[in-house]
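Proteins get letters first, then strands, A, B, ... in listed order; numbering begins at 1 in each.
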2 protein chains.
Amino acid sequence: MKKKSNVTLKEIAKILGFSISTVSRALRDHVDISDETKAIVEQKAKELNYMPNMFAQGFRSSRMHIIGVVVPKLSHYFTSTMIEGILDYAETKGYRVIVSESKNSVEKQNQMLNTMLQFNVDGILLSLTRKTANVQDILNILDRKPLVLFDKVMSKIPCTQIIIDGKQAAYNAIEHLINIGKRRIAIFKETENSFNSEQRFEGYLKALKDYNIPIDEKLIFSTEDISLEKGEQLAQIAITLKQRPDAIFAITDSCAIGAIKILNKNNIKIPEEIAVVGFSNSAHSTIIEPNLSTINQPGHLIGKTALKYLIEEIETDNNNDFQSSKTVEIKSSLIVRDSSFIV
Amino acid sequence: MKKKSNVTLKEIAKILGFSISTVSRALRDHVDISDETKAIVEQKAKELNYMPNMFAQGFRSSRMHIIGVVVPKLSHYFTSTMIEGILDYAETKGYRVIVSESKNSVEKQNQMLNTMLQFNVDGILLSLTRKTANVQDILNILDRKPLVLFDKVMSKIPCTQIIIDGKQAAYNAIEHLINIGKRRIAIFKETENSFNSEQRFEGYLKALKDYNIPIDEKLIFSTEDISLEKGEQLAQIAITLKQRPDAIFAITDSCAIGAIKILNKNNIKIPEEIAVVGFSNSAHSTIIEPNLSTINQPGHLIGKTALKYLIEEIETDNNNDFQSSKTVEIKSSLIVRDSSFIV
DNA sequence: CTGAAAGCGCTTACAG
DNA sequence: CTGAAAGCGCTTACAG
């Protein structure tokens, strides 16, 4: 199937008998060009349905108006809402977005980052894989391109980072559980020192401390690859403890939902016997019965904010060496539903 | 913050005292170049961490190895799995992917398609918005770029289309309901003639016909913007019918889940009194109680297949005018769960 | 085996 | 007000 080739400045110039320069300038509304010429050129361009070749433009200015995004997994609902935030903001700013997945593999992540470099994107938005240990690779990227971390971050990388206020959010969740009378509050968290898990764990500890509730090591459950199934397993263990918890705070919704499923199966009353709170307000949280109390993370806003800071970095003159990286916390909010609602 | 500029062929050439041409050829392992020279150049390139500027390469060959994807909404789980299929296959083929959302707006869709053109993508993967009426815009794109439709398609657009075998899938679902003894089977479908909704409706009608079950207009429910809430509303109406349905086939999972919620609320036994079957095997379907019977749509495979056909079209010599568009049906499968499991 | 030159489509400093 | 020329980084037909 033959495809029409794109109209170029050259063709317009030839048809009109102007030089390429004049046509280019006319189309960019340059002061030097007479109104008459502009009119003629614009008219012709429209007639031929001229579209500037962004490549040539970008290639020349080495500003492609394209940004690269690397996330562990696109099809996680929360991730996809962050990407929507990125896409929406990108559009208003005239940027295109190349998306890629690292699938939680460090090698893949590096490979994707290098592709982004080769592609000469203007900047990179990165959400780290679990166990990104070798920071050096990322520092190398940082030497060459503006880069902003979001959601899955790592404090020792010297760049702007956009995160949820995980510690505060967890604190609020625990405080809420205490307020409804719970004292033996279990936490389901990740083993590896993921930034988010650690933040939430800190919030948990702080809340217990502030309310003078002793910490019971038996109520601290850690797991790798946190998931619904892991939530089920941990809940199974939790309910067989001699001294059962009276509440479970899981650091992800799916883990919390796994817990609810087990509690339901064992006819343990939620929230009376054991209350449950999750994290991230996934769509699942209103499907499960009882509906899950959780922390709402504004994914769209996180994505948008990350891109906002990235574009700022891209578009400012990079001639000052002062380190402007900062950590931006996005406010989340606790949503109380039936799984922890006691009057 | 100053960024390192990228190493170019020119720099390598200067350092080594070769011409740019020689360096270029050495790096591309051209036969003309002596092994010795190749070794020197490769060594230096590695040392300087040279990365070809894909832009310059692509710009010259007008083959950017980049494809554009336009979908109504990225954060729909099924959509995101299709995109994952696209990303994975793109990677194996050395393509990058620009993603954008039409948000179910025709204007936005056109705008996105035009951006893709300007960007000179090698090809476009499109999943249509609801009510894409003006086919002309899409035909114009089709004149200029290879384009493949997937999932949300429209038969009158002359291009390759990748779809689910919706009619057969719906047929299987209805047949299954008949097999467990159901006779008054309601369908919850879309009002507007969306391709997918129509296909599924056809399957429904055919199954009833094949099994000599009379069609009852009262059991055919149509709605715009099908959703969980709409599922609730329709179910509410359905259960107040003088002659209640004994099964509900909803053409989306969320709609089916809305129905289940209402049935649960009214203490109607699922599946004994009313069985429910959904469509698409969203993650929700195993969260809801009872777990939802549904049609599994292999999103990953659909995405991959769409890209496969697109790349084929991109990479074949386009000098033959013969119309090679085809419609490819991807096989889905019925998953029976508790919402329709009767021994 | 290697190099000089043209060209992909565009922008812009320099001349007139 | 307009044009010729250089250049962004690369590849490749043409010459030697």
Side-chain angles (χ1 to χ4, degrees), chain A residues 3-42 44-45 48-66 94 117-122 144-145, chain B residues 3-42 44-45 48-66 94 117-122 144-145:
Chain A
K3 297 293 176 186
K4 274 190 209 160
S5 62
N6 288 322
V7 182
T8 64
L9 288 185
K10 201 170 163 185
E11 293 173 56
I12 299 182
K14 200 158 98 195
I15 294 174
L16 257 29
F18 283 116
S19 73
I20 299 178
S21 333
T22 300
V23 174
S24 169
R25 277 189 278 244
L27 255 19
R28 326 194 88 226
D29 203 22
H30 193 287
V31 278
D32 274 358
I33 306 293
S34 72
D35 288 347
E36 201 194 331
T37 307
K38 279 183 195 166
I40 298 174
V41 173
E42 271 158 23
K44 197 55 156 185
L48 297 176
N49 193 19
Y50 169 75
M51 305 181 124
N53 181 327
M54 307 292 281
F55 266 133
Q57 282 184 353
F59 171 47
R60 196 169 182 293
S61 61
S62 71
R63 188 58 73 72
M64 269 311 294
H65 287 278
I66 187 163
L117 278 195
Q118 280 186 40
F119 227 77
N120 216 3
V121 296
D122 296 334
R144 314 172 132 261
K145 289 285 170 199
Chain B
K3 297 293 175 183
K4 274 189 209 161
S5 62
N6 288 323
V7 182
T8 64
L9 289 185
K10 200 171 165 184
E11 292 173 58
I12 299 182
K14 198 157 102 194
I15 296 175
L16 255 31
F18 284 115
S19 74
I20 298 177
S21 333
T22 302
V23 174
S24 170
R25 278 190 278 247
L27 254 19
R28 324 195 89 228
D29 204 20
H30 192 286
V31 277
D32 273 357
I33 305 294
S34 72
D35 288 348
E36 201 195 333
T37 307
K38 279 183 193 167
I40 298 174
V41 172
E42 271 159 23
K44 197 55 156 190
L48 298 178
N49 194 19
Y50 169 73
M51 307 182 123
N53 181 327
M54 308 291 282
F55 267 132
Q57 283 183 353
F59 171 47
R60 198 170 179 293
S61 61
S62 71
R63 187 60 70 72
M64 269 311 295
H65 287 277
I66 187 162
L117 278 196
Q118 279 186 41
F119 227 77
N120 215 2
V121 295
D122 296 334
R144 314 173 132 262
K145 288 286 171 197

Separation of the P atoms in D:dC10 and C:dC1, to the nearest angstrom: 24 Å
Which value, in whole Å, describes the distance between the C1' atoms of nucleotides D:dG16 and D:dT12? 16 Å
Check DNA chain C for consecutive Watson-Crick or G-U pairs with both distances under 3.5 Å and list the runs of at least three as stems.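 Stems found: C:1-3 with D:14-16, C:5-12 with D:5-12, C:14-16 with D:1-3.
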Point-to-point distance, once rounded to the nearest 0.5 Å, from CZ of B:Phe119 to CE of A:Met51: 13.0 Å
First locate atom CD1 of B:Ile66, then atom CD1 of A:Ile66, and finally report the distance between them rounded to the nearest 0.5 Å. 4.5 Å
So does B:Val121 get a backbone contact from the side chain of B:Lys145, meaning a donor-acceptor N/O pair under 3.5 Å? yes
Hey, does B:Gln118 have a side-chain heavy atom less than 4.5 Å from the side chain of A:Asn53? no
Looking at every heavy atom in both B:Phe18 and B:Val23, which two are closest together, and how far apart are they? CB-CG2, 4.0 Å
Considering all heavy atoms, the nearest B:Leu9-B:Ser24 contact: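 The pair with the smallest heavy-atom distance is CD1-CB, 3.7 Å.
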Not counting sequence neighbours, which residues clear side chain to side chain donor-acceptor pair (under 3.5 Å) with B:Asp122? List them please.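 Once residues adjacent in sequence are excluded, B:Asp122 has no partner under the side chain to side chain donor-acceptor pair (under 3.5 Å) criterion.
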Partners passing side chain to side chain donor-acceptor pair (under 3.5 Å) against A:Thr37 (at least two apart in sequence or in another chain):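 Residues passing side chain to side chain donor-acceptor pair (under 3.5 Å) with A:Thr37: A:Ser34.
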So if I define the base as every atom that isn't primed, P, OP1 or OP2, how would nucleotides 8-15 of chain D read as a B/S/- string at a heavy-atom cutoff under 4.0 Å? BBBBBB--
Salt bridge (charged side-chain N to carboxylate O under 4.0 Å, His left out) pairs, two or more places apart, involving residues 9-35 of chain B: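 Found B:Asp29-B:Lys38.
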Does any residue of residues 35-42 of chain B have a heavy atom under 4.0 Å from DNA chain C, and if so, which ones, in number order?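 Heavy-atom cutoff 4.0 Å gives B:Thr37.
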Return the value, rounded to whole Å, for the distance between atom CG of A:Leu16 and atom C1' of D:dG3.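 Result: 15 Å.
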Can you tell which of A:Ile33, A:Thr22, A:Leu16 makes a side-chain contact (heavy atoms from CB on, under 4.5 Å) with A:Val41?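 Filter result, single survivor: A:Leu16.
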